[in-house]
Novice: 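Have a look at the structure that comes next, please.
Below, read A as the first sequence line, B as the second, and so on, with proteins coming before strands; counting in each chain starts at 1. Heavy-atom basis, side chains included; hydrogens, waters and symmetry copies ignored.
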Number of protein chains: 2
Amino acid sequence: MAEVTTSLSIGQVAERTGLSVHALRYYEHEGLLVNPVRRGPGGRRVYSQDDVDWLTVCIILRASGMPLPALRRYANLVRQGAGNEEERLTLMREHQAHVTTQIGKLAECLDLIRFKVGVYEDLLDPDSAGDHQCHAPIPSAPAQPTEIRIGYARVSGS
Amino acid sequence: MAEVTTSLSIGQVAERTGLSVHALRYYEHEGLLVNPVRRGPGGRRVYSQDDVDWLTVCIILRASGMPLPALRRYANLVRQGAGNEEERLTLMREHQAHVTTQIGKLAECLDLIRFKVGVYEDLLDPDSAGDHQCHAPIPSAPAQPTEIRIGYARVSGS
DNA sequence: GCTTGACCTAGAGCCGACTCTAGATCCTAG
DNA sequence: CTAGGATCTAGAGTCGGCTCTAGGTCAAGC
């Protein structure tokens with residue numbers, strides 16, 4: 001039963017999160033951490049396991065396309081402590097919706113990509129040609145104004 | 001049987017693709033189009049249906065995360081005409097793989113997000129609390145160096 | 001004849017998310 | 001004592017992908 005509190009240097013945290021030390025400092029500076037990292041002698045950052053856990057959450061949210069401002073809002077809510085669970089829920093649900101539709105869009109795109117792959121495969125090996133179908137067809141551009149956005153929200157209309 | 005060749009102004013193409021006129025000129029300038037757009041009187045761009053179709057493909061590839069350089073390579077291959085189908089196939093397969101793993105990653109992230117949503121839901125309505133499981137758990141940071149990249153390739157090691 | 005609006009080119013500016021640099025501090029090993 | 005390596009801060013630079021501006025041309029309508 002040793003090791004009551006893990007204490008990691010920024011370098012160690014960088015190693016095990018995959019974030020660069022620069023990014024770690026940047027994240028802290030941007031207020032993405034629930035609490036500003038503890039400092040050891042000489043003003044050096046000392047990370048706890050909690051910090052690493054939180055960073056892991058951050059990384060996953062980032063990887064799913066959550067922009068830093070949203071991450072900051074979330075961190076703020078968590079920092080304020082219990083009582084704002086509704087807001088957190090809203091934020092997470094919004095992100096969930098975002099990720100879900102993003103997956104849907106990617107799946108649609110994949111449909112075209114598979115179609116193209118099939119076409120080229122057939123061209124290169126015409127014997128075993130199957131007939132391919134692309135359900136999100138190229139012909140005739142989308143009637144809906146296309147609204148294909150990789151990011152979060154439409155920022156400004158053109 | 002009128003209308004043998006569609007001729008659209010850049011504004012019309014912008015409308016029906018959702019790209020801005022700026023983006024359209026930019027794409028052309030960047031060599032993303034199979035052939036440089038025809039010009040009408042006064043040097044104005046005149047788009048054909050083929051151009052629009054190609055742009056639609058571009059939009060889908062972009063929406064699935066293909067970077068402009070890859071799109072340019074693809075356009076170059078198509079421009080060169082028949083004979084390089086292998087290369088096109090390779091390019092498309094690579095992109096397919098990329099999109100597939102991206103969908104996988106997003107699904108993993110979604111797992112955590114759903115978990116969080118569940119936790120907050122329970123907190124706000126403890127009666128109907130279920131037990132939640134997050135299969136890509138927060139506890140204990142990933143042993144693998146995390147390599148969560150939203151974009152295409154690792155550009156430069158830190 | 002003049003205004004309006006869509007278009008043209010070349011190039012500057014912007015945004016998000018880092019990444020890198022400079023110059024200083026500190027700890028450890030030789 | 002000193003050299004090396006990890007850390008610190010503040011701020012500049014980078015990159016991708018557009019977006020915007022300036023300054024100019026052209027056709028149509030009043």
Novice: Among residues at least two apart in sequence or on other chains, which ones pass ring pair (Phe, Tyr, Trp, His ring centres under 6.0 Å) with Y27(B)?
Specialist: none

Novice: Using a cut-off of less than 4.0 Å, is there contact between a side-chain N or O of Y27(A) and OP1 or OP2 of dC18(C)?
Specialist: yes

Novice: Just how far, in rounded Å, is C1' of dA17(C) from CZ of R62(A)?
Specialist: 7 Å

Novice: Distance check needed: dA17(C) C1' versus M66(A) CE, whole Å only.
Specialist: 16 Å

Novice: Could you tell me the separation between the CD atom of E28(B) and the P atom of dG17(D), rounded to a whole number of Å?
Specialist: 18 Å

Novice: Output side-chain donor-acceptor pairs under 3.5 Å for residues 30-47 of chain A, partner residues at least two apart or in another chain, one line each.
Specialist:
residue : atom : partner : partner atom : Å
E30(A)  : OE1  : R72(A)  : NH1          : 3.4
R39(A)  : NH1  : G43(A)  : O            : 2.7
R45(A)  : NE   : E28(A)  : OE1          : 2.6

Novice: By the definition side chain to side chain contact (heavy atoms under 4.5 Å, CB included), identify the one residue from L91(A), L68(A), V78(A) that meets it with R73(A).
Specialist: L91(A)

Novice: Between E121(B) (side chain) and V119(B) (backbone), is there a donor-acceptor pair under 3.5 Å?
Specialist: no

Novice: For dG16(C), does OP1 or OP2 lie under 4.0 Å from any side-chain N or O of Y26(A)?
Specialist: no

Novice: Around atom CD of Q12(A), are there more than 12 heavy atoms of other residues, nucleotides or ligands at under 6.0 Å?
Specialist: yes

Novice: Between N76(A) and R79(A), do the side chains contain an N or O donor and an N or O acceptor separated by less than 3.5 Å?
Specialist: yes

Novice: For the pair made of CG in L19(A) and C1' in dC20(C), what is the distance, rounded to whole Å?
Specialist: 17 Å

Novice: Take atom CG of L8(B) and atom C1' of dA6(C), then tell me their distance rounded to the nearest Å.
Specialist: 15 Å

Novice: Taking only nitrogen or oxygen atoms into account, show me every contact under 3.5 Å that the protein makes with nucleotides 1-11 of chain D, one pair per line with its distance.
Specialist:
residue : atom : partner : partner atom : Å
dA6(D)  : N3   : R44(A)  : NH2          : 3.0
dT7(D)  : OP1  : S9(A)   : OG           : 2.9
dT7(D)  : OP1  : G11(A)  : N            : 3.0
dC8(D)  : OP1  : R45(A)  : N            : 2.6
dC8(D)  : OP1  : R45(A)  : NH1          : 3.0
dC8(D)  : OP2  : R25(A)  : NH1          : 2.7
dC8(D)  : OP2  : R45(A)  : NH1          : 3.2
dC8(D)  : O5'  : R45(A)  : NH1          : 3.4
dT9(D)  : OP1  : R39(A)  : NH1          : 3.2
dT9(D)  : OP1  : R39(A)  : NH2          : 3.2
dT9(D)  : OP2  : R45(A)  : NH1          : 3.0
dT9(D)  : OP2  : R45(A)  : NH2          : 2.7

Novice: Which whole-number value in Å describes the distance from L71(B) CG to dG17(D) C1'?
Specialist: 12 Å

